[in-house]
Each structure stands twice: as structure tokens, then as C-alpha cells.
Amino acid sequence: MSAPLRIGLAGYGFGGRYFHAPLLASAPNCDFLGVVTTSPERRARVAEELGRPAYASLAELARGGAEAVAISTPAATHLPLVRQALELGLAVVCDKPFALDARSARETVELAERLRVPLTVYQNRRWDSDFLTLRRLVEQGTLGTLIRLESRFERFQPEPGPPAAGGGTLLDFGSHLIDQALVLCGPVERVYAELRHREATGGEPGLDEDVFVALTHRGGVRSHLSGSWRQGAPGLRFRATGTTGSYVVEGMDGQEELLVAGASPASEGDRWGTEPVSRWGRVLRGDRGEQVASARGAWDRFYPAFAAAVRGTGPLPVDPWDAVATATVLDAARTSADTGAVVNLS
């Protein structure tokens, strides 16, 4: 058995506190050292909630024996911290959005390759129960040939709206929606998008709060992706249409809800990620339909897979070049929204 991966966490805001710390603490092959944060309030919270030390910098974390770091800080700080960590020789997990644009994403992945330091992106939604179920149905041919994917992250929270740390709805929700579409449907050749921004405050433009992105994949599948903080009537989480049937599911995967409530894979054991029957999706063929058992949600697999990759015994859970592909589509969506034109990708 290889030694547990000594890993720290940079950032203890909402994402670090709820999406990363509990999973790091629960991962059997990770030694969760502590958190990099300079906020006195958050340093006190780390000590109280985690019983682990706080570090003032990535360099201090490295001197403390870390081999890796998970970065969960505001979107604009991701790549500067990733590059600093790579230069320190720390293997890196970067939360999404990985980058603000495709060029900087590409340059950072190339840096990791030159330095031969592992780098991956925290696309945890690949391990959502509903998405795993949909992938299984598509691979088994249950829906026939996939024609259209409709995927939504919609909620009604107009105030305060999208958090500034996420960089806006296109970057925040769109990073997940586009990544899932690329995994399921393959590379994209055309992009069309519409964005609605919040009213400007203090002379500064407001963040985008409602987005729609339409993708045409090279294989012919069309993806219609929606993200919103101002949707009073949220639509289906997924409606995937094939030549012989459609899969629909309504609510969000339950793992986020569990983590925010204070649960973790360690506390839930084998129950982690299991969805109640009332939240299972359905395969429909006109007036005929059947409920489909949901796969177990598996966010808990990410960090064990990352540790294995760093030790050289498995692949990275997410290829960092996938994040470059996602950033390329995000750039095209922003251009399409600005110009009203369909953007063709080579």
C-alpha cells in the first residue's frame, strides 16, 4: 500500500468548506493537512470545524510537507495560484471555472506538462447520480441514438444572485453544463448563446445571471444548456432525447444538499450518494414510461482517484485538456452573446 497523499486545501469559502474539506477528510488514501487562508475569521473556523492548522501561503503548506493542494478560491485567483503551486512542485486540483479564458487555460496546462506535475480540474458533476445514470442509458442504447440534450442548473434566488467569486453564471454553472455536454456528446463545432446581466451598480456592469447556450456537436447531437438565478419555474434537470425514447429527471443530485447539511461520505457510509426512489428519473416513449433506478452519486471517488494518479497507479480523474476544451466553448459563448452570431469552432 502506498502512503496516503499529503494534501492541503487553499480557500475556505463556501466551496472549500462544503465541497472539498469533507471529501478530503473522508478520502481513505489522503492525509488532509489543513487549509491555506489568511482570513482571521476563516482560520478560526478551520481550527474549530476541522481541527487542522491554517497556513498563510502555498509555500508554507509545501514546507509543511504537502505533496498536493486543492484550490477553491474566487475564480479570478485560480490560475495564479495554480501556477504558483505547480512551480512549488505541488500536484494540483483546481476548482471550476478553471480559467477565465481558453488561452490562459492552455498555457497553464502546458506549464504543468513541462514541469511534469499532475494537474486536474474539480468537475465533480461528472459523478452526479443523474449524469451517471444518463451516461449508462446512452451507452446501453436504451434511448437509441442520442439526438438532443437539454440540461439545466436553474434556481430562483434573484437576491443576492450569482456570487461574485464564481465569475458569473456562464463561468460558474456553464463550466459544469458544458463539461457534461462534452463528455456525453463529444466535441463542439458551433456555439450560440444568450446572456442576461444584472443591472449595473456603482458604474460597474452586473454579473450575468441568466444564460442559454446551444451547442452543435460534431457527431450531430444538439445541446441546449440553461443556467439561471432568476428562474421562478425551474425546468427539468435533464431531458435527453434519442431516436427511441427520452430520459427525464427533475431535481438536482442530492450530494450538495448532504454536504451543506454537514454530512460526508465518512458519516453516511454505503448510503452516500444514493437517491430515494421519489427522485429517480424516467425513460419515456410517448404515453409509455418506466422509472429508472439512479446510479449512486460518487463525488467521494474524486480525491481517491486523484491520489492514485499522483502515485502513478491510475489516470487523473479529469484530463486538464478537457478544461481547455470547456474554456474554448465558454469563450465562444461569450462572443456569440456579444455579437448575436453563431460562432464556428475549428
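For the ring pair (Phe, Tyr, Trp, His ring centres under 6.0 Å) with W299, the lone residue among F19, W272, W127, Y122 that qualifies is F19.
Applying the salt bridge (charged side-chain N to carboxylate O under 4.0 Å, His left out) test to pairs two or more places apart or on separate chains, those with a residue in residues 243-258 are R125-E256, E257-R279. Counting only residues at least two apart or on different chains, the salt bridge (charged side-chain N to carboxylate O under 4.0 Å, His left out) pairs with a member in residues 107-123 are R103-E107. Within the structure, salt bridge (charged side-chain N to carboxylate O under 4.0 Å, His left out) pairs that include any residue of residues 79-98 comprise K96-D172 (at least two apart or interchain). Listed by first and then second residue, the salt bridge (charged side-chain N to carboxylate O under 4.0 Å, His left out) pairs involving residues 26-37 amount to none (not counting sequence neighbours).
L88 and L115 fall within a single hydrophobic cluster, where Ile, Leu, Val, Met, Phe, Trp and Tyr side chains are chained together by heavy-atom contacts under 4.5 Å. Hydrophobic clustering, with ILVMFWY side chains joined whenever heavy atoms are under 4.5 angstrom apart, groups V329 together with V343. A continuous path of Ile, Leu, Val, Met, Phe, Trp and Tyr side chains, each step under 4.5 Å between heavy atoms, connects L24 with Y18, placing both in one hydrophobic cluster. At a threshold of 4.5 Å between side-chain heavy atoms, the hydrophobic network of Ile, Leu, Val, Met, Phe, Trp and Tyr places I178 and L100 in one connected group. In the hydrophobic clustering of this structure, F212 does not group with L330; members are Ile, Leu, Val, Met, Phe, Trp, Tyr whose side-chain heavy atoms approach within less than 4.5 Å, directly or through other members.
Listed by chain and number, the hydrophobic cluster partners of L134 are F131, L137, V138, L143, L146, L149, V183, L184, V221, F238, Y247, V249, V283, V292, where partners are ILVMFWY side chains within reach of under 4.5 Å, directly or through others. When hydrophobic residues (I, L, V, M, F, W, Y) are linked wherever their side-chain heavy atoms come within less than 4.5 Å, the members clustered with L236 are V248, L284.
Residues satisfying the side chain to side chain donor-acceptor pair (under 3.5 Å) criterion with R334, sequence neighbours excluded, are D331. With sequence neighbours excluded, the residues that form a salt bridge (Lys or Arg N to Asp or Glu O under 4.0 Å) with R148 are E150. Residues satisfying the side-chain contact (heavy atoms from CB on, under 4.5 Å) criterion with T244, sequence neighbours excluded, are absent altogether. With sequence neighbours excluded, the residues forming a side-chain contact (heavy atoms from CB on, under 4.5 Å) with A99 are L79, S104, A105, listed by chain and number. Partners of F156 under the ring pair (Phe, Tyr, Trp, His ring centres under 6.0 Å) rule, at least two apart in sequence or in another chain, do not exist in this structure.
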After noting the C-alpha distance and the side-chain angles of V35 and L50, does the key distance pass the side-chain contact (heavy atoms from CB on, under 4.5 Å) rule? CA-CA 9 Å; V35 180; L50 302 180; 3.8 Å; yes
Show, in sequence, the C-alpha distance, side-chain angles and deciding distance for M252 and F153, and conclude whether the side-chain contact (heavy atoms from CB on, under 4.5 Å) test is met. CA-CA 8 Å; M252 293 289 291; F153 280 7; 3.7 Å; yes
Derivation of the side-chain contact (heavy atoms from CB on, under 4.5 Å) call for T216 and Y192: CA-CA 9 Å; T216 302; Y192 171 77; over 6 Å; no
After noting the C-alpha distance and the side-chain angles of R301 and R126, does the key distance pass the side-chain contact (heavy atoms from CB on, under 4.5 Å) rule? CA-CA 11 Å; R301 294 180 186 170; R126 293 189 183 188; over 6 Å; no
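Side-chain N or O atoms of R106 include none that pairs as donor or acceptor with a backbone N or O of V324 at under 3.5 Å. Checking side-chain atoms of S129 against main-chain N and O of A295 turns up a donor-acceptor pair under 3.5 Å. At least one donor-acceptor pair closer than 3.5 Å links the side chain of D319 to the backbone N or O of W321. In terms of modelled atom types and a separation under 3.5 Å, the side chain of T241 and the main chain of S246 share no donor-acceptor contact. For T326 (side chain) and S175 (main-chain N/O), no donor-acceptor pair under 3.5 Å exists by modelled atom type. Within the 3.5 Å criterion, the main-chain N or O of D208 finds a donor-acceptor partner in the side chain of T169. R52 places a side-chain N or O within donor-acceptor distance of the main-chain N or O of F32, the cut-off being under 3.5 Å.
Considering CD of E268 and OG of S26, their distance stands at 10.0 Å, rounded to 0.5 Å. With rounding to the nearest 0.5 angstrom, the OG atom of S264 is 8.0 Å from the CG atom of L259. The OG1 atom of T120 sits 5.0 Å away from atom CG of L316, with the distance rounded to the nearest 0.5 Å. Between L90 atom CG and L58 atom CG the span is 7.0 Å, to the nearest 0.5 Å. In this structure, the separation between OG on S278 and CD on Q291 is 8.5 Å, given to the nearest 0.5 Å. Here the NE2-CZ distance, from H217 to R222, works out to 10.0 Å after rounding to the nearest 0.5 Å.
With a 4.5 Å cut-off on side-chain heavy atoms, S72 and L9 count as touching. For the pair E199 and E209, the minimum side-chain heavy-atom distance is 4.5 Å or more. Taking 4.5 Å as the limit, some side-chain heavy atom of S151 sits within range of a side-chain heavy atom of R237. For the pair V191/L345, a side-chain contact is recorded, criterion being any heavy-atom separation below 4.5 Å from C-beta on. At a threshold of 4.5 Å between non-hydrogen side-chain atoms, the residues D322 and V121 do not count as touching. Contact check for V69 versus V92: side-chain heavy atoms found under the 4.5 Å cut-off. Two residues are said to be in side-chain contact when any heavy atoms from C-beta on lie closer than 4.5 Å; E154 and F173 fail this criterion. Looking at heavy atoms from C-beta onward, R17 lies in side-chain contact with E49 at the 4.5 angstrom threshold.
Closest heavy-atom contact between R230 and S228: N-OG, 2.9 Å. Residues T133 and S294 come closest through the heavy atom pair OG1-CA, 3.4 Å. When all heavy atoms are compared, the tightest approach of D130 to G251 is OD2-O, 3.9 Å. When every heavy atom of A70 is checked against every heavy atom of H20, the shortest pair comes out as CB-ND1, 4.4 Å. Closest of all the heavy-atom pairs between S226 and L177 is O-CD1, 3.4 Å. In this structure, A10 and T73 approach most closely via the heavy-atom pair O-CG2, 3.5 Å.
Residue E41 qualifies as open at atom CD: its count of foreign heavy atoms under 6.0 Å is 12 or below. D338 CG: more than 12 foreign heavy atoms inside a 6.0 Å radius.
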Taking only distance into account, with no hydrogens and no angle test, what donor-acceptor pairs under 3.5 Å do side-chain atoms of residues 158-167 form with protein atoms, sequence neighbours excluded?
| residue | atom | partner | partner atom | Å |
| --- | --- | --- | --- | --- |
| E159 | OE1 | R198 | NH2 | 3.3 |
| E159 | OE2 | R198 | NH2 | 3.4 |

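Remark: R6 engages E67 in a salt bridge, criterion side-chain N to carboxylate O under 4.0 Å.
Residues F98 and H78 keep their aromatic ring centres 6.0 Å or farther apart.
Between Y303 and F306, the ring planes lie perpendicular to each other; the angle is over 60°, past the 30° to 60° tilted range.
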